[in-house]
Amino acid sequence: MKEEKKGVKPRKHSSPFLKELFTTKPLAGIGLVVLILMVLVAVLADVLAPYPMVDGQLQVDVLHKLAKRSLEHPLGTDNLGRDLLSYLIYGARTSVILCVACTILSTVLSTIIGVSSAVLGGKFDLLVQRLVDAWQCIPSMLILLILMVLLGNGVPQLIIAIAVPGGIAGSRMVRSAAMSVKDSGYVKMSDMLGSNAVWKMWKHVIPNILPIIIINMAGSLGGVVMMEASLNFLGYGVDPGTPSWGALITSTGRTYMFSYPLLAICPGVLIALMVFASAMFGDGVRDILDPRLKGGVGSYNAKKLRKIAAKMTAAQK
């Protein structure tokens, strides 16, 4: 009431995350919608697919191998007679499982390594960071190939092979954010009150670096799909009977690229769409959650701040 009497407008509450995402970052909102649609397609694959899987395998129409588009097969069939539309729908399930599982596992691993290294410090921090440096000196594709040779083909093996190197590499960003929080006043006050390292990690450090963790998590979605497609191209991926966009491109699409290009174009477009949507969504999340990008003190958008300051100065004169 006092603010209204003095002619000062009451402060507006900050808009919810989704509203701010769609109004200020429309491309990020579109990316989120695309990702949600892909998740729904993966969950409802048994309902949406024209030809559902039987005993873990897609139905085969031997009389219609590499058939063109028709009412029975809207996108045609592959070299084994499997419906291409059904294959793509079930391939979304594989991609979504890989993306979600790899992202969660790598985020948990990077958070544990980065936060513990920053909070414990000392020789433990020195040892962990030298091991991370040595790990990053090895090419990532070489590490993936070694892990896949040791583990074998399959979705669980892919999850481990992609998530573990990603989690170790992402721990550097989490550690740098945790180091700034570790030296803050309330953490030092917690030390004076006798709190242990686990309490400081769980109650003080992790909640304050949660935006950084979410940004890192959202930005790594697209890379999982690209890694899976690359490993399938090299012969280390999902099992032969498991529908996968990357496996379809590398096995059948590459062989019949000129005679039946849809076998390579359709999964390639879906992979590109998923990578683009995840990249746009990750950038939008970063721009909204990172305080340096909100236009406040320390904002990257210095030109806009200078213009606002110039207008305020001119109005006062």
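The two residues Ser110 and Gly170 make their nearest non-hydrogen contact at CB-C, 3.7 Å. The heavy-atom pair separating Val60 from Leu80 by the smallest distance is CG1-O, 2.6 Å. In terms of heavy atoms, Met257 sits closest to Ala264 at CE-CB, 4.4 Å. Nearest approach of Val155 to Ile97, heavy atoms of both residues: CG1-CG2, 4.2 Å.
To the nearest 0.5 Å, the span separating CD1 on Ile89 from CG on Leu85 amounts to 4.0 Å. Rounded to the nearest 0.5 angstrom, Tyr51 OH and Asp83 CG are separated by 6.0 Å. How far OG of Ser230 is from CE of Met141: 4.5 Å, rounded to the nearest 0.5 Å. The SG atom of Cys102 sits 10.5 Å away from atom CE of Met227, with the distance rounded to the nearest 0.5 Å. Interatomic distance, CD1 of Ile112 versus OG of Ser117, reported as 13.0 Å (0.5 Å rounding). Once rounded to the nearest 0.5 Å, the distance linking CE of Met274 with CG of Leu35 reads 6.5 Å.
No path of Ile, Leu, Val, Met, Phe, Trp and Tyr side chains, each step under 4.5 Å between heavy atoms, connects Met280 with Val269, placing them in separate hydrophobic clusters. Hydrophobic clustering of Ile, Leu, Val, Met, Phe, Trp and Tyr side chains at less than 4.5 Å, counting indirect connections, keeps Leu131 apart from Ile138. In this structure, Ile265 is not a member of the same hydrophobic cluster as Phe258, with clusters built from ILVMFWY side-chain heavy atoms closer than 4.5 Å. Linking ILVMFWY residues whenever their side-chain heavy atoms come closer than 4.5 Å, directly or via other members, places Leu109 and Trp135 in the same cluster.
Within 6.0 Å of the CE atom in Met179, the count of heavy atoms belonging to other residues, nucleotides or ligands exceeds 12.
A donor-acceptor pair is defined here as one N or O able to donate and one able to accept, closer than 3.5 Å; such a pair exists between the side chain of Thr77 and the backbone of Leu66. Panel note: side chain Thr103, backbone Val100; no donor-acceptor pair is recorded below 3.5 Å.
Taking 4.0 Å as the cut-off between side-chain N and carboxylate O, Arg175 and Asp125 count as a salt-bridged pair.
Under the side-chain contact (heavy atoms from CB on, under 4.5 Å) rule, Arg130 has a single partner from Leu126, Val132, Val128, Leu127, which is Leu126.
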